[in-house]
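See structure below.
Chain identifiers are assigned alphabetically (A, B, ...) following the order of the sequence lines, protein sequences preceding nucleic acid strands; residue numbering begins at 1 within each chain.
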Number of protein chains: 2
Amino acid sequence: MTGVWLRPQRPSRSGPPLSRDRIVAAAVELLDQGGVGGLTMRRLAEHLDAGSTTLYWHVATKDDVVDLALDHIFGEVQLPDRRDDEAGLDSEAGLDDEAGAGRDWRVDVEGLLLGWRAAMLRHPWSAALLGRPMLGPNVLTRTEFLQSALRRSGLVEPDLGAATYALANYVIGSAVTLASWQRPDSPQPPREAAREHLAAQQDRYPTLVDTGHLDDRDWEVTFRQGLTYLLDGLATRT
Amino acid sequence: MTGVWLRPQRPSRSGPPLSRDRIVAAAVELLDQGGVGGLTMRRLAEHLDAGSTTLYWHVATKDDVVDLALDHIFGEVQLPDRRDDEAGLDSEAGLDDEAGAGRDWRVDVEGLLLGWRAAMLRHPWSAALLGRPMLGPNVLTRTEFLQSALRRSGLVEPDLGAATYALANYVIGSAVTLASWQRPDSPQPPREAAREHLAAQQDRYPTLVDTGHLDDRDWEVTFRQGLTYLLDGLATRT
DNA sequence: ACCTGAACACCGTTCAAGT
DNA sequence: ACCTGAACACCGTTCAAGT
């Protein structure tokens, strides 16, 4: 009868009820703060004012959370505007043969890939999590955009697929390399120490030392430069 | 006095004494067998017939083991033979201006990068561990080789550095993407399921479905194709 | 349908102690 | 100098139980 008074009241979950979306948003927050090591199912639940294992009702496994978080941040990548929004579906026909449209696809590709790279650098942990198939809707939508832009350049299989993979892989590799210096634990020093380590071995690595391989440089410019190489090489085939 | 008989004899460590080299070799074995999740300090010690925490005498942290294992497998990457082995040090002078040497550097670059990719695919776990600065001697030696080959093409800073990063990042991205399908837990099915998932959404991803984006293809040929694009674009600048 | 804590089988790492 | 096990502070995940 008096049981009500003795039993502790429900801890009164603060926010709205749990949902996949809230879980993913919180996971991204934790990852942004503490990197891959900062994401823990227990911490994630705590961050959401939930019991330590409640998440498993909404999500099968931690890997699910990671996959969702990864795809989530690719949703930030803006698709460059396109003039002609219709005509999309009958993709088989209607390839433009006029050379004037050449710059168009290239601008679209560059815009997409720069945005792609920027999103990854805003969330450096993403680079460490790429070792899983990326099949989420945000990634697929952007890959679709990339390949359809490349097709407008006149490329056809198998070159079209090779170009798609080449560009995507270039972006991924660039983000991985650059993000590798942004470990959330260490503040700034690792690069400086690495530079000295290299400089001390000029006899072994004369070219790298000579060109200042580990020196700071404008990484976006470097990225654009490599992208130019790739697109120039592609343009040869169209 | 009789203590000797009562005390258990030293477990008689089987192999030779522990050493960094033996630890790294064992770590690579474990990684090859079970992927990133297969490497555990405890399992590693057991694999070496050592106490569960003995490793910490030879190595400061698990990250150290990973860094060493990663650099170790890049030691497998053969440096393509070069005709002129001397003349290396005065790298400032002596750039060849004759166009005939053009194919030479390109062959060297292609050979190195194909070997680089092959080593990573022999050890697919490497792709998941790239989110750390690669400063080991094996990696640096091969990066030095890459950049010195590129320099022979006539490139100078800042294009030389951009080209070095572009090529390295392309290899890394390609390996990450391809290795992402080789999770050690699941056998073969993920790709097949992904294909069906994509095919069921032809309205969303018309181009990807049309080109069979997730179909099996000859990945080495695809890699070579992308490399050709990149090197063709580079050759424009030399 | 949704949430909970206890419990299990693990982790990486520290440390006092052994030889 | 090299090796050891106990111990600490964590993990991801399962599950019977609650509402």
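No side-chain donor-acceptor contact under 3.5 Å links A/R20 to the backbone of A/V59. A distance-only check finds no donor-acceptor pair linking the side chain of B/N169 to the backbone of A/I172 [under 3.5 Å].
Taking the six-membered ring where the residue is Trp, the centroids of A/Y165 and B/H213 are separated by under 6.0 Å.
Here B/E46 pairs with nothing under the side chain to side chain donor-acceptor pair (under 3.5 Å) rule; sequence neighbours left out.
In this structure, B/R117 satisfies the cation-pi test against B/F223, with its NZ or CZ atom closer than 6.0 Å to the six-membered ring centre and inside 45 degrees of the ring normal.
Taking 4.0 Å as the cut-off between side-chain N and carboxylate O, B/E196 and B/R191 do not count as a salt-bridged pair.
Atom pair A/L55:CG and C/dC2:P shows a separation of 14 Å (rounding to whole Å applied). Atom CD of B/E46 is separated from atom P of D/dT4 by 13 Å (rounded to the nearest Å). One atom, CG of B/D49, and another, C1' of D/dT4, lie 14 Å apart when rounded to the nearest Å.
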Summary of protein contacts for nucleotides 10-17 of chain C, nucleotide by nucleotide, where a base hit scores B, a sugar-phosphate-only hit scores S (4.0 Å, heavy atoms): -BBBB---
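Listed pair B/W57 / D/dC3 fails the phosphate criterion, with no side-chain N or O lying under 4.0 Å from OP1 or OP2. Taking only side-chain nitrogens and oxygens, A/H58 never comes nearer than 4.0 Å to OP1 or OP2 of C/dA1.
In DNA chain C, stems built from 3 or more consecutive Watson-Crick or G-U wobble pairs, each with both distances under 3.5 Å, span C:4-8 with D:12-16, C:12-16 with D:4-8.
The CG atom of B/L68 sits 9.0 Å away from atom CD1 of B/I23, with the distance rounded to the nearest 0.5 Å.
Contact annotation: the side chain of B/E144 never approaches that of B/L140 to less than 4.5 Å [non-hydrogen atoms, C-beta and beyond].
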